[in-house]
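This chain uses plain numbering: 1 for the first residue, then up along the sequence.
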Amino acid sequence: MRTRHEQIMQLLKTNSMMKINDLCEQLNVSQATIRRDLTELREQGVERVGGAAFYKQASFASNDSLTVDSSNQVGCIISVSHKHMRPYFLSILEGIEKGLANHGYSLAFMHNLDDIQNEAILDSLLKESKIKGMIVVEGIKSEIYARIKKQFPTIVGIDISDHTVPVIAYDRINAAKSAVQHLIDQGHQAIGFIGGAGLTGDLEREKRYRGYKYALQEAGLELDSEWIINAGWDVNVSYSRMLELLDSSSHRPTAIFAASDLLAISAMRAVTEKGLRIPEDIAFIGLDNIEISQYTTPPLSSVHIPKYEIGMAAAKTLVDYLEAAYTLPFKMLMPYEVIVRESSIHLKK
């Protein structure tokens, strides 16, 4: 039986432009596993020259103008589970990898929440001696984070709560308020919410939900608990709970703000299956503006978050700290923008 490394090389030989997601599906393993395999292959003489999983033998000429020192390696933890590894995080990761490469560094590994909750993988990670620093995306349980921070004192966070390290983020509360305000400006007064809780497990503390609430309160609008769907960031739950809402609610909302585009898209499917129209019967706006949002039917309004640029900024910040360009932590808030498409605009009857 061929090893997984041999299987990966055979797949890439067949289609050199296969992405990491494609390899995961073909081999039935997680993204973290594939990334570790690709790192090991690179150490064996197979190096990256293009897209997410575009590799070739190092003996061939490379188009890369910058040679990455193998000792300049950093790690990355994206603390969401494999099943919730949305396009939002993949765009951030792409920015991280590009930003590191621009400065002569490379990403040694990427672990997700499932990995770091596995004691064996966590112990192995904490024994890494070649890793110079770490980028942590989203919050981690305090006891695990403390162990990671002790081993890797140079950390840059993306949307984490730690005032002792540099953090790259966007204003989640006001981004959500802007989305809801757009719906209010379209004349909606009955506005629902779809999202999930954060690290605390308490929806009331989740920033995008708080932004939704604040927008309604400032406009003097009612918040109906029947219209609040805590989907746990699961698209299947968003779909099923939206069907339940349409079947059971005595009065349905006329608009929905979803805290991620994928949650909005699955809920939109439920609405159309019930024979309702978007936006005439229920309008939608999401948040993060993933690429597929412009191709839904109708195209989904969303709040654009500069995901790739967030990753680039985090990589540059980590390099600056490793090279002692900065010594004091700071928080950088990236801009956001409401992108209006057909799913939310008011249509005259």
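- With hydrogens and angles left out, the side-chain atoms of Asn289 and Arg341 include a donor and acceptor closer than 3.5 Å.
- Applying the 6.0 Å contact sphere to CD of Glu291 captures no more than 12 heavy atoms from other residues, nucleotides or ligands.
- Formation of a donor-acceptor pair under 3.5 Å by the Thr296 side chain with backbone atoms of Pro298 is found in this model.
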List the steps and the verdict of side chain to side chain contact (heavy atoms under 4.5 Å, CB included) for Lys274 and Asp281.
CA-CA 11 Å; Lys274 288 295 182 181; Asp281 297 313; over 6 Å; no
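- Using a 4.0 Å cut-off between charged side-chain N and carboxylate O, Arg208 and Glu206 make a salt bridge.
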Ile155 and Tyr145: side chain to side chain contact (heavy atoms under 4.5 Å, CB included), yes or no, with the steps?
CA-CA 11 Å; Ile155 288 179; Tyr145 182 64; 4.2 Å; yes
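- For the side-chain hydrogen bond (donor to acceptor under 3.5 Å, both in side chains) criterion with Ser344, the lone passing option out of Gln186, His182, His188 is His182.
- Distance check, rounded to the nearest 0.5 Å: CD1 of Ile310 to CG of Leu93 gives 13.5 Å.
- For Phe193 and Tyr212, the distance between ring centers is under 6.0 angstrom.
- Taking the ring axis of Trp233 as reference, the NZ or CZ atom of Arg86 stays within 45° of it and closer than 6.0 Å to the ring centre.
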Evaluate Ser302 against Asp261 for side-chain hydrogen bond (donor to acceptor under 3.5 Å, both in side chains), listing each step before the verdict.
CA-CA 7 Å; Ser302 186; Asp261 285 4; 2.7 Å; yes
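- The main-chain N or O of Gly133 is never found under 3.5 Å from a side-chain atom of Thr154 such that the two would form a donor-acceptor pair.
- Around CD1 of Ile292, the count of heavy atoms belonging to other residues, nucleotides or ligands within 6.0 Å does not exceed 12.
- In this structure, the separation between CG on Asp123 and CG on Asn118 is 9.0 Å, given to the nearest 0.5 Å.
- Rounding to the nearest 0.5 angstrom, the gap separating the CG atom in Leu262 from the CD1 atom in Ile290 is 4.0 Å.
- Salt-bridge annotation for Glu273 and Arg269: present, with a side-chain N of the basic residue lying under 4.0 Å from a carboxylate O of the acidic one.
- With salt bridges taken as basic N to acidic carboxylate O contacts below 4.0 Å, one links Glu138 and Arg172.
- Using a cutoff of 4.0 Å between basic side-chain nitrogens and carboxylate oxygens, Glu226 and Arg252 are not scored as salt-bridged.
- Looking at Lys213 and Glu204, a side-chain N of the basic residue comes within less than 4.0 Å of a carboxylate O on the acidic one, giving a salt bridge.
- Checked by atom type and distance alone, the side chain of Ser301 never pairs as donor or acceptor with a backbone atom of Ile285 at under 3.5 Å.
- Without hydrogens or angle criteria, Asp115 side chain to Asn112 main chain gives a donor-acceptor distance under 3.5 Å.
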